[in-house]
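Some notes on the structure that comes next.
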Amino acid sequence: MSALLELAGVHAGYGGVRALRGIDLTVEEGEFVVLLGPNGAGKSTTLRVLSGLVKPTGGAVRFGGRDITRVPGWRRAGLGIGHVPEGRRIFPDHTVLENLRLGAFPVRRREAKLLAEVLELFPRLAERRDQPAGTLSGGEAQMLAVGRALMGEPRLLVLDEPSLGLAPLKAAEVFRHVKRLHTERGLSVLLVEQLALVALRLAERAYVMERGAIALSGPAEDVAADPAVQAVYLGAG
Ligand code: ATP
């Protein structure tokens, strides 16, 4: 059986900057995978390749057994890739409900059912449904970004540093929700996160990137036990 997501030998860059130098990465159906690495390692670029914002200069991206390397970004949500971008990218002047509805564009017919599910999942969003999204707290705004991605009925939820700018307790709450989506609904997750220790506890498998390449990968507990990872990422060095 082929993986749900497969990046095979992906190269990408920005003008003269080579950001990715042959990335091999997979996410199996129902798996929770974390992508770690220092600033500038290429984590966000990897996610941008996945969402179609950056075109690879080499290699292939496959999703659900299909080659999507040349599928435009706007069609990928419809294929089942639910992206929660860095910085959340919600529309502050639109209400919480309007922001959620925007996420349902690939599955318009099921919008009402999906909206009910998301509001049940995030009662705080339900309470604030008619408020402008710009009035939400950081944690609530992150929940909204996750909720909006879920409105597209994704097969894979892709999160780019969801803890960014959140107090530790708020970040923990966001992670609890994501973990629940994985354990209770079997949603596949690809998470990029600076909080390595937290991320390695959540995930089943991990990749560590360095300078545009995969430096290390394996079961999350093995990666967490790796002396180099302990020294650099977990502050144990
Ligand atoms: P961070 O954790 O700091 O977000 P990252 O691992 O996500 O880092 P990327 O943002 O993917 O790293 O960056 C990889 C490389 O590509 C870096 O050298 C970065 O400077 C470069 N880069 C990223 N975005 C651009 C851009 N829009 N234009 C030019 N270079 C870029």
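All values derive from a computational prediction rather than experimental measurement. In each ligand, atom 1 is the first atom listed, and ligand 1 is the first ligand listed.
For ligand 1, the atoms sitting less than 4.0 Å from at least one non-hydrogen atom of Arg48 are 24 (N), numbered in the order shown with element in parentheses. Taking every non-hydrogen atom of Ala41 and a distance limit under 4.0 Å, the qualifying atoms of ligand 1 come out as 5 (P), 6 (O), 12 (O). Near Glu161, meaning under 4.0 Å from one of its heavy atoms, ligand 1 places the atoms 2 (O).
Closest heavy-atom approach to atom 6 (O) of ligand 1 among the candidates Glu210, Gln194, Lys43, Arg18: Lys43.
Looking at Ser44 next to ligand 1, an N or O pair under 3.5 Å apart turns up. Residue Gly40 has at least one N or O atom closer than 3.5 Å to an N or O atom of ligand 1. Looking at Ala19 next to ligand 1, no N or O pair under 3.5 Å apart turns up. Below 3.5 Å of separation, one finds no N or O of Thr46 facing any N or O of ligand 1.
Heavy atoms of Gly42 approach ligand 1 to within less than 4.0 angstrom. Within the 4.0 Å heavy-atom cutoff, Met209 does not count among the residues contacting ligand 1. Ligand 1 lies less than 4.0 angstrom from a heavy atom belonging to Pro38.
With a 4.5 Å cut-off on side-chain heavy atoms, Leu121 and Arg180 count as touching.
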